[in-house]
Amino acid sequence: MKRRLSWPVRIGRVTIGSEHPIAIQSMTSTSTMDTPGSVAQTKRIVDAGGDIVRLTAQGVREAENLAEIRGMLRAEGYDVPLVADIHFNPRAAFAAASRVEKVRINPGNFVDPGRVFKSIDYTDEEYAAELVKIEEGLLPLLEICREHGTALRIGVNHGSLSDRIMSRYGDTPAGMVESAMEFLRVCLRHDFRDVAISIKASNVVVMTETVRRLVAAMDAEDMHFPLHLGVTEAGDGEDGRIKSAVGIGSLLADGIGDTIRVSLSEEPECEIPVARAILAHVAGMAEGDSTESVEEKAAPQRRKSRWSDTTPKVVGLDISSEDLASHPDSPVIVEGRGPNLSKDIEAKIKQIKDIDNPIVIKADYTGLDKDDITIAASIDLGRLLLAGYSDGIWIKADGVDRDWLNMLSLNILQATRQRISKTEFISCPGCGRTLYDLQSTLREIKSATSHLKGLKIGVMGCIVNGPGEMADADYGYVGAGVGKISLYKGKECIVKNIPADEAIVRLVELIKENGDWIDPVGSL
């Protein structure tokens, strides 16, 4: 692949951007005050192949304890760069900046107050005054970072845009981009370039569109900061792997991205092999410039065909391979195989895109095992589906169970929001802010609700992204304190601070009260 060139940024012993290797990141899920636990988990991440490790620092004492964690790691021969994750508390960022290699701040809550989803009608003068406040709030951090050689990450999340941004731009990709650009402009005005950017969402379509829009916005202002990619709250198991591969892989395949993190609701070291598999697959793709502009790729138009008013077909499920050739709509089958499958198929489709016959992509992964097929097909087909090129998909792999291939096809279609066939779970990976057992809770919620086709349920460790991501979910389960859970419908909190051992039952009751419950097949 041909990478977008960005300014290099040094983070301890790792340099990202420019022509440096793409770095793999992860984040601890331990309490940052648990020094031995955080050290042990960081070591497991590094041993698995992680290049950079992030830890939450919700307060000054957690930020200060990062120095203890860093010192213990160095004493044991681990010189991995550490990143402090900051929300709501600038003082924690100031304390961390002299103790770790990078500080991540969230524009949605670093200077702006925590959002309450209140609409504010600003005049242009009032809005300009708010931008002055941002500059005044950010400058002290830039000076500390400059003094200590500490890098900065501007990390925008769809789930935590400020009320100020949402009031002017809405809960939109445009608002996410502007949230980042406001901070980047301050950095450049003060000649501070040791900055990386992340701009994430749990919705893969929103994530990929927003990153592409950000690249276009930076290019227009001659900015070239390196980009960190990730699908936030991707979930666990196959779903989390597919969503991450679709989102991260689609962008990497087009040369966008300098560091990546696969966010799974599992132990953090489990994220690393998935990230490495994504990088390995993308590395096999041939270089080449796309004929579309960044802006065109950001908001693709789905091609019009005789199947335009239907959801994409899955060969083997909706229509068999035997019946495809004689189908009355005369679908065109575009075949591909090998590491450059996606770009080969893209080139072929561009030559025939003006026809109105349905286009079915046939991707042959014979010779790969199921894990490799999952990553490869998610990147290859996900990228093409996000671009609006296909009306049907056909995954072929001799010797692999057809039912499994059908299910993989449906999961890729769901990740790209082309076709919803099951419950979608939006769940965070957990961090030091999470005050309940997220992994076991997610399993229990899935057991109770996974039959609710088409429903989106968010499972969040804390309030940082919880209420915001509930805007993309129908219902939400959010950690509110030690052993306390709040339940949401959309972004509205319906039940506050109930005991965790009652919360799943209450979640089911809430779904039933709103008419969204159906009994599982076979239940009485």
Side-chain angles (χ1 to χ4, degrees), residues 29 56 58 87-88 108-109 113-118 157-161 163 166 171 200-203 206 232-237 239-240 243 263-266 420 422-520 523:
S29 58
T56 192
Q58 58 265 54
H87 293 276
F88 304 111
N109 55 42
R115 74 247 180 279
V116 292
F117 303 103
K118 177 177 68 174
N157 273 12
H158 186 212
S160 53
L161 293 178
D163 286 338
M166 289 197 292
D171 189 11
K200 298 184 178 182
S202 60
N203 181 324
V206 172
T232 191
E233 287 98 33
D236 65 349
D239 290 342
K243 288 176 72 174
S263 298
L264 299 177
S265 301
E266 302 175 18
I420 305 301
K422 63 181 185 179
T423 316
E424 181 166 346
F425 296 93
I426 302 168
S427 64
C428 73
C431 68
R433 296 174 181 268
T434 305
L435 298 175
Y436 66 91
D437 188 333
L438 191 143
Q439 293 179 34
S440 65
T441 300
L442 176 59
R443 288 193 295 270
E444 291 180 43
I445 292 174
K446 280 189 168 185
S447 177
T449 62
S450 60
H451 63 288
L452 300 173
K453 176 181 175 179
L455 213 60
K456 298 190 291 290
I457 299 176
V459 184
M460 302 292 174
C462 71
I463 62 168
V464 169
N465 293 323
E469 292 295 353
M470 296 308 102
D472 194 48
D474 300 294
Y475 295 92
Y477 181 107
V478 180
V482 179
K484 298 293 183 181
I485 303 297
S486 292
L487 302 178
Y488 287 72
K489 186 178 190 309
K491 59 188 178 184
E492 181 183 358
C493 186
I494 304 297
V495 182
K496 294 184 178 179
N497 301 323
I498 59 175
D501 58 4
E502 302 175 9
I504 295 178
V505 172
R506 295 289 295 276
L507 173 64
V508 170
E509 291 175 353
L510 180 63
I511 296 171
K512 290 180 176 179
E513 289 166 5
N514 285 276
D516 291 323
W517 182 266
I518 58 172
D519 289 326
S523 64

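For this chain, numbers begin at 1 and follow the sequence in order.
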- Step-by-step side chain to side chain contact (heavy atoms under 4.5 Å, CB included) determination, Ser427 to Glu233: CA-CA 5 Å; Ser427 64; Glu233 287 98 33; 5.8 Å; no
- Hey, is Glu509 close enough to Arg506 for a salt bridge, meaning N to O under 4.0 Å? yes
- Shortest non-hydrogen contact from Met166 toward Leu161: CE-O, 3.7 Å
- Item | Check: Pro499 and Lys484 side chains under 4.5 Å, non-hydrogen atoms | yes
- Taking all non-hydrogen atoms of both residues into account, name the closest pair between Pro429 and Leu264 and its distance. CB-O, 3.0 Å
- Euclidean distance, Ile498 CD1 relative to Ile504 CD1, rounded to 0.5 Å: 10.0 Å
- Out of curiosity, Lys491 NZ to Asp171 CG, how far, rounded to the nearest 0.5 Å? 6.0 Å
- What distance separates Ser265 OG from Leu438 CG, expressed to the nearest 0.5 Å? 5.5 Å
- How many angstroms lie between atom CD of Gln439 and atom CD of Glu266, to the nearest 0.5 angstrom? 7.0 Å
- Note on the structure: What one should report as the nearest heavy-atom pair of Ile426 and Ala473 is CD1-CB, 4.0 Å
- All heavy atoms of Ala480 vs all of Asn497, minimum pair found to be CB-OD1, 3.2 Å
- One should read off an interatomic distance between Asp474 CG and Glu424 CD, to the nearest 0.5 angstrom, of 9.5 Å
- Item | Separation of Asn514 CG from Lys489 NZ (nearest 0.5 Å) | 5.0 Å
- Message: Taking Thr232's backbone N and O only, do any of them form a donor-acceptor pair with Ser202's side chain (distance below 3.5 Å, no angle check)?
- Response: no
- Message: Between Val495 and Ser486, does the side chain to side chain contact (heavy atoms under 4.5 Å, CB included) criterion hold? Intermediate values first, please.
- Response: CA-CA 6 Å; Val495 182; Ser486 292; over 6 Å; no
Would you be so kind as to tabulate the donor-acceptor pairs closer than 3.5 Å made by side chains of residues 440-463, with sequence neighbours excluded?
residue : atom : partner : partner atom : Å
Ser440  : OG   : Asp437  : O            : 3.3
Ser440  : OG   : Asp437  : OD1          : 3.2
Ser440  : OG   : Asp437  : OD2          : 3.3
Thr441  : OG1  : Asp437  : O            : 2.7
Lys446  : NZ   : Asp236  : OD1          : 2.4
Thr449  : OG1  : Ile445  : O            : 2.7
Ser450  : OG   : Lys446  : O            : 2.9
His451  : NE2  : Ile518  : O            : 2.7

- Steps toward side chain to side chain contact (heavy atoms under 4.5 Å, CB included) verdict (Ile485, Tyr477): CA-CA 7 Å; Ile485 303 297; Tyr477 181 107; 3.6 Å; yes
- Message: Testing the basics here: between Tyr488 and Leu510, what is the closest heavy-atom pair and its distance to 0.1 Å?
- Response: O-CD2, 3.9 Å
- Which atoms form the tightest heavy-atom contact between Thr434 and Tyr436, and what is the distance? CG2-O, 3.3 Å
